[in-house]
Participant: 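Have a look at this one before I ask anything.
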Amino acid sequence: RVMITFTVPGQPQGKGRHRSAALMRDGKPVIGPGGRPIVTTHTPEKTVAYEGLIAHSGRVAMAGRTMLLEPCGCRVLIDCQIPASWSGKKQRQALAGEVMPKAKPDTDNVIKAVFDGLNGVVWRDDVLVVDLHVRKRFAATPGVRVEVWALDAPLTGDLQ
């Protein structure tokens, strides 16, 4: 089966929320029709940069192949950095899977960043992902491992 596999290096990041602010000119809000300030929205720069890294990683893995246009499956393995402040014992427990990540980034926000970063690169749109497997753990090397396959080649086995 054809599987696209790659790793996004570095500490996983969740997709940041869009920010809204009044459009300002000369230190004053610009007033629109109806007497209300005109509001603009933007995506945080950190999110834009992370989605760009995801897109780049996906593009390299595609190696010139055509993006998926039909339903597909996706496995996302989120490997979080172990806090350096933890004792050696607790760090070993984290690597052994005895201590689970309970802090940010939120799993669903990492998925949003990955999926949006892969739109138009690995698949036409993330609406095509109909089979999703996710795992979040601590690891010696932080990153997000992504595997994508065409639905005609279903995933079997556990989430290793």
Side-chain angles (χ1 to χ4, degrees), residues 1-20 41-160:
R1 78 179 170 190
V2 175
M3 183 171 304
I4 297 118
T5 304
F6 61 93
T7 299
V8 181
Q11 175 64 12
Q13 297 178 33
K15 184 173 183 86
R17 297 188 188 279
H18 282 81
R19 304 289 179 202
S20 299
T41 62
H42 70 280
T43 302
E45 285 185 32
K46 188 174 177 182
T47 296
V48 172
Y50 192 59
E51 287 180 2
L53 176 60
I54 292 165
H56 172 74
S57 300
R59 214 173 281 110
V60 170
M62 289 297 285
R65 288 181 279 211
T66 304
M67 75 178 94
L68 297 170
L69 303 173
E70 299 296 331
C72 58
C74 183
R75 182 186 326 199
V76 181
L77 307 176
I78 304 168
D79 291 334
C80 296
Q81 185 171 351
I82 299 170
S85 61
W86 284 5
S87 69
K89 178 182 178 183
K90 191 167 182 180
Q91 288 187 27
R92 287 188 296 277
Q93 288 174 323
L95 284 174
E98 297 167 10
V99 176
M100 298 292 166
K102 298 183 287 187
K104 291 189 180 246
D106 295 0
T107 303
D108 63 322
N109 290 333
V110 174
I111 297 298
K112 287 177 196 172
V114 169
F115 278 23
D116 288 350
L118 296 181
N119 282 338
V121 176
V122 171
W123 46 59
R124 177 182 46 81
D125 188 270
D126 55 30
V127 70
L128 294 171
V129 179
V130 297
D131 190 1
L132 175 61
H133 303 265
V134 182
R135 185 183 75 190
K136 178 179 167 184
R137 299 287 190 272
F138 284 114
T141 304
V144 178
R145 181 173 170 81
V146 180
E147 299 172 1
V148 180
W149 62 93
L151 189 63
D152 61 337
L155 177 68
T156 58
D158 61 15
L159 293 179
Q160 293 297 327

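Bear in mind the structure is a predicted one, so any value in this text is a computation, not a measurement.
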Participant: I want to check something: taking the side chain as every heavy atom from C-beta on, are Arg135 and His133 in contact at a cut-off of under 4.5 Å?
Facilitator: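 The answer is no; the side chains never approach within 4.5 Å.
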
Participant: Please lay out, stage by stage, how Val60 and Phe6 fare under the test side chain to side chain contact (heavy atoms under 4.5 Å, CB included).
Facilitator: CA-CA 8 Å; Val60 170; Phe6 61 93; over 6 Å; no

Participant: Are the side chain of Gln11 and the backbone N or O of Gln81 linked by a donor-acceptor pair below 3.5 Å?
Facilitator: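 The answer is yes, because a donor-acceptor pair under 3.5 Å joins these two groups.
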
Participant: Distance check, rounded to the nearest 0.5 Å: Asn119 atom CG versus Arg124 atom CZ?
Facilitator: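 Reported value, rounded in 0.5 Å steps: 9.5 Å.
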
Participant: Indicate yes or no: at least one non-hydrogen side-chain atom of Leu151 is less than 4.5 angstrom from one of Cys72.
Facilitator: no

Participant: Quick one, Thr47 with Gln13, criterion side chain to side chain contact (heavy atoms under 4.5 Å, CB included). Give me CA distance, side-chain angles, the key distance, then yes/no.
Facilitator: CA-CA 8 Å; Thr47 296; Gln13 297 178 33; over 6 Å; no

Participant: What donor-acceptor contacts under 3.5 angstrom involve side-chain atoms of residues 94-117, with partners at least two apart or in another chain?
Facilitator:
| residue | atom | partner | partner atom | Å |
| --- | --- | --- | --- | --- |
| Asn109 | OD1 | Lys112 | NZ | 3.4 |
| Asp116 | OD2 | Lys15 | NZ | 2.9 |

Participant: Within this structure, what is the CE-CG distance for the pair Met62 and Leu68, rounded to the nearest 0.5 Å?
Facilitator: 5.5 Å

Participant: Work out which heavy atom in Pro71 is nearest to a heavy atom in Val130; give both atom names and the distance.
Facilitator: CB-CG2, 4.0 Å

Participant: Shortest non-hydrogen contact from Leu132 to Val76?
Facilitator: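 Answer, listing the atom of Leu132 first, then Val76: CD1-CG2, 4.3 Å.
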
Participant: If you round to the nearest 0.5 Å, how far is SG of Cys74 from CD1 of Ile4?
Facilitator: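 Rounded to the nearest 0.5 Å, the CD1-SG separation comes to 9.5 Å.
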
Participant: Using side chain to side chain contact (heavy atoms under 4.5 Å, CB included), reason through Leu118 and Ile54 one step at a time and then give a plain yes or no.
Facilitator: CA-CA 7 Å; Leu118 296 181; Ile54 292 165; 3.7 Å; yes

Participant: Can you tell if the side chain of Phe138 reaches within under 4.5 Å of the side chain of Gln91, non-hydrogen atoms only?
Facilitator: no

Participant: Rounded to the nearest 0.5 Å, how far does CD of Glu147 lie from CG of Leu77?
Facilitator: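 If I round to the nearest 0.5 Å, the distance is 6.0 Å.
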
Participant: I want to check something: taking the side chain as every heavy atom from C-beta on, are Lys89 and Arg92 in contact at a cut-off of under 4.5 Å?
Facilitator: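 Yes, close enough: below the 4.5 Å cut-off.
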
Participant: Can you name the nearest heavy-atom pair linking Ala55 to Val121, along with the distance?
Facilitator: O-CG1, 3.7 Å

